[in-house]
Amino acid sequence: MICDAHVHVGYYTRFERDEPFYWSPRKVAGVLARCGVREFIVSSTNAQVSGISRADILREAREMRLRADARVHQFYWLSGRLYDEDPRLSFLDTGLFEGLKFHELETPWMQWRKDDLLRVLAIAEERRLPVMFHCAPLPDCSAADLATLAERFPAVRFDFAHFNPADETAAVMERCPNVFADVATFTACEYETLPELSPDVRSRILFGTDFPAMHARTDGGLSDWYRSRIRAFARQFDVDCAARAFRRFLFGNEPGPAASRRTHSETPAP
């Protein structure tokens, strides 16, 4: 069972081209369905596009729910701009979002907005929401820096997205049981250079692709590219174990709501 923990919808600048290209909910959900993805976590890159409002993002989220129904778990990419527009986080009351995403290179939360970040994480803790952080070997978004948040909020489940660098992130995961990590952006070669990982760390590795952002750097077909990512991951990790980690990241030890959601095929005709 394939579950992708790192997907995007929205505008993205295509490789070696200046004009932005819009990846619609219909296109993203369609590709994932063709490739056999059972569930996925998605956030909108529109959070970092000036001129696109919270209302626009909510409309997009409603379309994504319509297209993917129980398969989709939407995370609200909280940029500084969107936080200032809605400091009450009223978007959480729409029922559209099951988690939050932060990207230090887009909004310097750790460097300039730490108090706001801590406030939001406290709300995530209260609401039992998982959160995703862009993780990279750079100041304020390295695994070691982000570990201070995981330790301060042990009841919050974190995805240190990209598992980069692997050795540092694995060390954090050893001491922080609430930290998971997706392997979005990993190439087949990078999988082969992973350090030895303990069974405990491996049990919290999430399959992720950063689709369509990573595909935008290539000229290959969408489905072929995506299936190649699945094959590369499956050579190094147990796909079913990663799917269980996906559910634990989303819902902890509680049963998830997906089973209670009605799919379109089950919706009675008017």
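Along the sequence shown, residues carry numbers from 1.
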### Query
For the ring pair Trp23 and Phe21, is the centre-to-centre distance below 6.0 Å?
yes
### Query
Can you hop from Trp77 to Met132 via hydrophobic side chains spaced under 4.5 Å?
no
### Task
Run the numbers on Leu206 and Phe163 for side chain to side chain contact (heavy atoms under 4.5 Å, CB included), then give the verdict.
CA-CA 9 Å; Leu206 305 167; Phe163 197 50; over 6 Å; no
#### Entry: Any residue meeting side chain to side chain contact (heavy atoms under 4.5 Å, CB included) with Ala171, in chain and number order, not counting sequence neighbours
none
### Query
Taking C-beta and beyond as the side chain, do Lys27 and Pro212 meet within less than 4.5 Å on heavy atoms?
no
### Task
Not counting sequence neighbours, which residues clear ring-ring contact (aromatic ring centres under 6.0 Å, His included) with Tyr76? List them please.
Phe91, Phe97
### Check: Tyr226 and Leu32 side chains under 4.5 Å, non-hydrogen atoms
yes
### Query
When you measure from the side chain of Arg157 to the backbone N and O of Arg248, does any donor-acceptor pair fall under 3.5 Å?
yes
#### Entry: Side chain to side chain, Asp182 and Phe249, heavy atoms closer than 4.5 Å
no
### Task
Could I get the full list of salt bridge (charged side-chain N to carboxylate O under 4.0 Å, His left out) partners for Arg127, not counting sequence neighbours?
Asp93
### Query
Would Val131 and Leu149 satisfy side chain to side chain contact (heavy atoms under 4.5 Å, CB included), going step by step from the backbone distance to the final call?
CA-CA 11 Å; Val131 298; Leu149 300 176; over 6 Å; no
### Query
Would you say the side-chain atoms of Arg81 pair up with the backbone N or O of Val49, donor to acceptor, closer than 3.5 Å?
yes
### Query
Hey, is CZ on Arg38 packed in by over 12 heavy atoms from elsewhere, all under 6.0 Å?
no
#### Entry: Donor-acceptor under 3.5 Å (Asn178 side chain, Val156 main chain)
yes
#### Entry: Basic-acidic side-chain contact under 4.0 Å: Arg113, Asp84
yes
### Heavy atoms of other groups near Arg175 CZ, more than 12 under 6.0 Å
yes
### Salt bridge Arg119-Asp116, side-chain N to carboxylate O under 4.0 Å
no
### Query
Does Val9 reach the side chain of Ser44, with side-chain heavy atoms less than 4.5 Å apart?
yes
### Query
Side chains of His6 and Thr209: donor-acceptor distance under 3.5 Å anywhere?
no
### Task
List the atom of Cys176, the atom of Glu151, and the distance in Å for their closest heavy-atom pair.
SG-CG, 3.8 Å
#### Entry: side chain to side chain contact (heavy atoms under 4.5 Å, CB included) involving Ser228 - partner list, sequence neighbours excluded
Arg231
### Query
Closest approach of Met110 and Asp145, non-hydrogen atoms and distance?
CE-O, 3.6 Å
### Message
Is there a side-chain contact between Leu92 and Leu100 in this structure, where contact means two heavy atoms from C-beta onward sitting under 4.5 Å apart?
### Response
yes
### Task
Indicate yes or no: at least one non-hydrogen side-chain atom of Phe246 is less than 4.5 angstrom from one of Met1.
no
### Query
Pro137 versus Glu168: any side-chain heavy-atom pair under 4.5 Å?
no
#### Entry: Minimum heavy-atom distance Ala61-Leu96, with the two atoms named
CB-CD1, 4.0 Å
### Query
Say you draw a straight line from OG of Ser203 to CZ of Arg244; how long is it, rounded to the nearest 0.5 Å?
9.5 Å
### Query
So among Arg59, Arg65, Arg67, which one has a side chain to side chain contact (heavy atoms under 4.5 Å, CB included) with Glu63?
Arg67
### Task
Run the numbers on Glu104 and His134 for side chain to side chain contact (heavy atoms under 4.5 Å, CB included), then give the verdict.
CA-CA 7 Å; Glu104 185 72 18; His134 176 84; 6.0 Å; no
### Message
Is there a side-chain contact between Pro130 and Glu98 in this structure, where contact means two heavy atoms from C-beta onward sitting under 4.5 Å apart?
### Response
no
## Note on the structure
Taken in chain and number order and not counting sequence neighbours, the residues that satisfy ring-ring contact (aromatic ring centres under 6.0 Å, His included) with Phe237 are Phe233
#### Entry: Shortest non-hydrogen contact from Asp200 toward Met173
OD2-O, 4.4 Å
### Summary
Of all heavy-atom pairs linking Glu106 and Gly80, the shortest is OE2-N, 4.2 Å
### Message
Closer than 3.5 angstrom, by distance alone: can the side chain of Asn164 be matched with the main-chain N or O of Cys135 as a donor-acceptor pair?
### Response
no
#### Entry: side chain to side chain donor-acceptor pair (under 3.5 Å) between His8 and Ser43, intermediate numbers included
CA-CA 5 Å; His8 293 297; Ser43 58; 3.2 Å; yes
### Query
Hey, what do you get for OH (Tyr22) to OG1 (Thr45), rounding to the nearest 0.5 Å?
8.5 Å
### Query
What do the steps show when you test Asp210 against Thr185 for side chain to side chain donor-acceptor pair (under 3.5 Å), and what is the final call?
CA-CA 6 Å; Asp210 213 354; Thr185 74; over 6 Å; no
### Query
Which heavy atom of Ala150 sits nearest a heavy atom of Phe158, and at what distance?
CA-CE1, 3.5 Å
### Task
Begin from the C-alpha positions of Ile41 and Asp159 and carry the test side chain to side chain contact (heavy atoms under 4.5 Å, CB included) through to its verdict.
CA-CA 11 Å; Ile41 294 170; Asp159 172 12; over 6 Å; no
### Message
Once salt bridge (charged side-chain N to carboxylate O under 4.0 Å, His left out) is applied, do any residues pair with Arg235, and if so which ones, sequence neighbours excluded?
### Response
none
